[in-house]
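Remarks on the structure that follows.
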Amino acid sequence: MSMIIDVTGLFVSLMALGVLLLIGQAIRSSVGILRALFLPTSIIAGFIGLLIGPQALGALITRLAGPDALFAGGLLPPSLLDVWSQLPVLLINVVFAALFLGKAIPGIREIWSVAGPVITYGQTVAWGQYVVGLLLALLILTPVFGLPPEAGALIEIGFEGGHGTAAGLSGSFEALGFAEGADLALGLATVGVVMGVVIGVALVNRAFHSGQIPAPGTLLHPEAEEILACETMQEQPPGEVDHPDISAESLSIHLGVVSLAIIIGWVLLQALIRTEALLLDLVGMQDFALMHYIPLFPLAMIGGLILQVALERLGRSDHLNRPLINRISGTALDALILAAIATLSLTVIGEHLVPFLILAAAGVLWNVGAFLLLAPRLIPKHWFERGIPNFGQSMGMTATGLLLSRMTDPNDRARGVEGFGYKQLLFEPVVGGGLFTAAAMPLIFQFGPVVMLLVTAVVMAGWLIFGLRSFGRSP
């Protein structure tokens, strides 16, 4: 009987997600400022859920009419919120498993010839977010505000990783005794999305008026919606024809492929956990553990990559419909973001408001400063057009980068979108939600912030020096 209740509760919770998405879309279509900011429907719907929940509407009614008043707990029952709070950790696996499925994997030489400068710039910015965050943790966040050293990873998780990564890592935050970190990371991701669009549009207009780029292109509303639906950065490649078979059966098969990628990732994770345990037993370090804290989603991404390569070798990769994979991934991401924001703890952000603002300001300043100072030196040709999509991603949302790129160079004459897409193949597996993003907090927990500051600083400096020597020029 309890199983029936659980399944019914899950079903009702998913239906409520769908209704909130419809309401969010209706509000977005009616409010011009929301369209101008290109805020995705899922973020708007998530904040609606947060406002009508126990922390906003419920708290207001309780204050005005008492705890026994009607809707004193808000319009969303606790059982529904309990289900929503568990969805992000699960759905993030779908998003990352689909990252490479149905997408031709080019050779390393081809990737590097088009995207080499962009890769060095993106890696420098990502590792720099760790350096800035860990410096803040050592100098301010831990000694002054009492946050654990793992707070040093919040800028990269929230800004470069975005809402999906921040929500997907909630289990790791809890395992490390820093549960409030998930709410802080989600808050940072929200700041990043808004500031990414506002500052990005300002940068595009500044570049236009200063003569750095031609007049920005006009982004049509339907195209903007399509880009926002592709937050997983898997746009249909130019020239690729959409498969005509978008039937229910085809959807089921593609869901099965995504599930198989997740299963492969789970097997890999279990193998790593057991291998680590055996090695630690041999050297007498039973108290040390790293893989135990690693979530499933980066391994699910590797599982998807393995599956895609295997299908290519077998000559069956054309059976996968990339646009359909995008729809599966996009649906999972919409539900993930909505659920994560709706269950965001306002109390946690309020209790840590000053360190939260410090992290947000530091993240924004680093990303903007890196774009204005490093991109012109690391990207020899068309630095603005090829750097602006990476700026958008570094602020927490791949779709923001694509939107800014379309405004800057609508016909992609500078090959900014092409280079950005290739860059993801050597970027996503490591940072921005990849293996190191997932391992960063456990590594800080095990080795301490000083060691990890040195490691990330060396990696950042290595990418920067390599980029300057290989592609660098005076701006």
Problem set entry | I328/L251 under side-chain contact (heavy atoms from CB on, under 4.5 Å): CA gap, chis, key distance, verdict | CA-CA 8 Å; I328 294 171; L251 176 63; 3.8 Å; yes
For this session: Verify, without hydrogens or angle tests, whether N367 (side chain) and S394 (backbone) share a donor-acceptor contact under 3.5 angstrom.
Result: yes
Exercise. Around W266, counting heavy atoms of other residues, nucleotides and ligands shown, do more than 12 lie under 6.0 Å from its CH2?
Worked result: no
Problem set entry | Side-chain heavy-atom pair L136, P355 within 4.5 angstrom cut-off | no
Problem set entry | Separation of E156 CD from T456 OG1 (nearest 0.5 Å) | 10.5 Å
Seminar exercise, completed: Between the OG atom in S259 and the NE2 atom in H254, the distance rounded to the nearest 0.5 Å is 12.5 Å
Exercise. Does any N or O in the side chain of S85 come within less than 3.5 Å of the main-chain N or O of T343, such that one atom is a donor and the other an acceptor?
Worked result: no
For this session: Could you tell me whether the side chain of R322 and the main chain of L101 form a donor-acceptor pair under 3.5 Å?
Result: yes
Problem set entry | Minimal non-hydrogen separation, A151 against L359, with atom names | O-CD2, 4.3 Å
For this session: Check whether any side-chain heavy atom of F471 lies under 4.5 Å from a side-chain heavy atom of I379, and answer yes or no.
Result: no
For this session: Please collect all ring pair (Phe, Tyr, Trp, His ring centres under 6.0 Å) contacts where either partner lies in residues 171-192, sequence neighbours excluded, each pair once.
Result: F173-F178
Seminar exercise, completed: Closest non-hydrogen atoms of T41 and L21, given as atom of the first, atom of the second and distance, are CG2-O, 3.3 Å
Problem set entry | Identified side chain to side chain contact (heavy atoms under 4.5 Å, CB included) counterpart of L10 within the set V7, V12, T8, L14 | L14
Seminar exercise, completed: Note: L336 and A167 closest approach over all heavy atoms is CD2-CB, 3.8 Å
Exercise. Heavy-atom distance under 4.5 Å between the side chains of L186 and T190, does that happen here?
Worked result: no
Exercise. Is the side chain of D334 donor-acceptor paired with the backbone N or O of T331 at a distance under 3.5 Å, no angle test?
Worked result: no
Donor-acceptor pairs under 3.5 Å, side chain of residues 299-315 to any protein atom, not counting sequence neighbours: which ones?
| residue | atom | partner | partner atom | Å |
| --- | --- | --- | --- | --- |
| Q308 | OE1 | G102 | N | 2.7 |
| Q308 | NE2 | K103 | O | 3.4 |
| Q308 | NE2 | E312 | OE2 | 3.1 |
| E312 | OE2 | I105 | N | 3.2 |

Exercise. Got L464 and Q123 here, is their nearest side-chain heavy-atom distance under 4.5 Å?
Worked result: no
Exercise. Where is the tightest heavy-atom contact between I199 and F391, given as atom of each residue plus distance?
Worked result: CG2-CZ, 3.9 Å
Seminar exercise, completed: Distance col, row I349:CD1 vs L188:CG, nearest 0.5 angstrom, shows 8.0 Å
Exercise. Between T437 and E160, do the side chains contain an N or O donor and an N or O acceptor separated by less than 3.5 Å?
Worked result: no
Exercise. Where the side chain of S329 meets the backbone of I325, is there a donor-acceptor pair that is under 3.5 Å apart?
Worked result: no
Exercise. How far apart are the C-alpha atoms of W127 and F436, what are their side-chain angles, what is the distance that settles it, and do they pass the ring pair (Phe, Tyr, Trp, His ring centres under 6.0 Å) test?
Worked result: CA-CA 10 Å; W127 291 97; F436 191 85; 4.6 Å; yes
For this session: Begin with the C-alpha distance, continue with both residues' side-chain angles, and end with the deciding distance and a verdict on side-chain contact (heavy atoms from CB on, under 4.5 Å) for L90 and L296.
Result: CA-CA 9 Å; L90 301 175; L296 174 59; over 6 Å; no
Exercise. Do L154 and L147 come close enough that some side-chain heavy atom pair is under 4.5 Å?
Worked result: no
Problem set entry | Main-chain N/O of P389 paired to Q393 side chain as donor or acceptor, under 3.5 Å | no
Exercise. Can you tell which of I155, L141, L453 makes a side chain to side chain contact (heavy atoms under 4.5 Å, CB included) with L134?
Worked result: L453
Exercise. Which heavy-atom pair separates A16 from W84 by the least distance, and what is that distance?
Worked result: CB-CZ2, 3.8 Å
For this session: First locate atom CE of M452, then atom CG of L138, and finally report the distance between them rounded to the nearest 0.5 Å.
Result: 12.0 Å
Problem set entry | Reported CD-to-CG distance for the pair E180 and L184, which is rounded to 0.5 angstrom | 7.0 Å
For this session: Taking the side chain as every heavy atom from C-beta outward, state whether L169 and I157 have any atom pair closer than 4.5 Å.
Result: yes
For this session: Could you tell me the separation between the CD atom of Q129 and the CE atom of M460, rounded to the nearest 0.5 Å?
Result: 11.5 Å
Exercise. If you look at every heavy atom in L91 and A332, which pair is closest and at what distance?
Worked result: CD1-O, 3.7 Å
Exercise. Side-chain contact, heavy-atom cut-off 4.5 Å: L22 with Q25?
Worked result: no
For this session: Check whether any side-chain N or O of T120 sits under 3.5 Å from a backbone N or O of P117 as a donor-acceptor pair, and report yes or no.
Result: yes
Exercise. Should V455 and F447 count as side-chain neighbours, where that means a heavy-atom distance under 4.5 Å?
Worked result: no
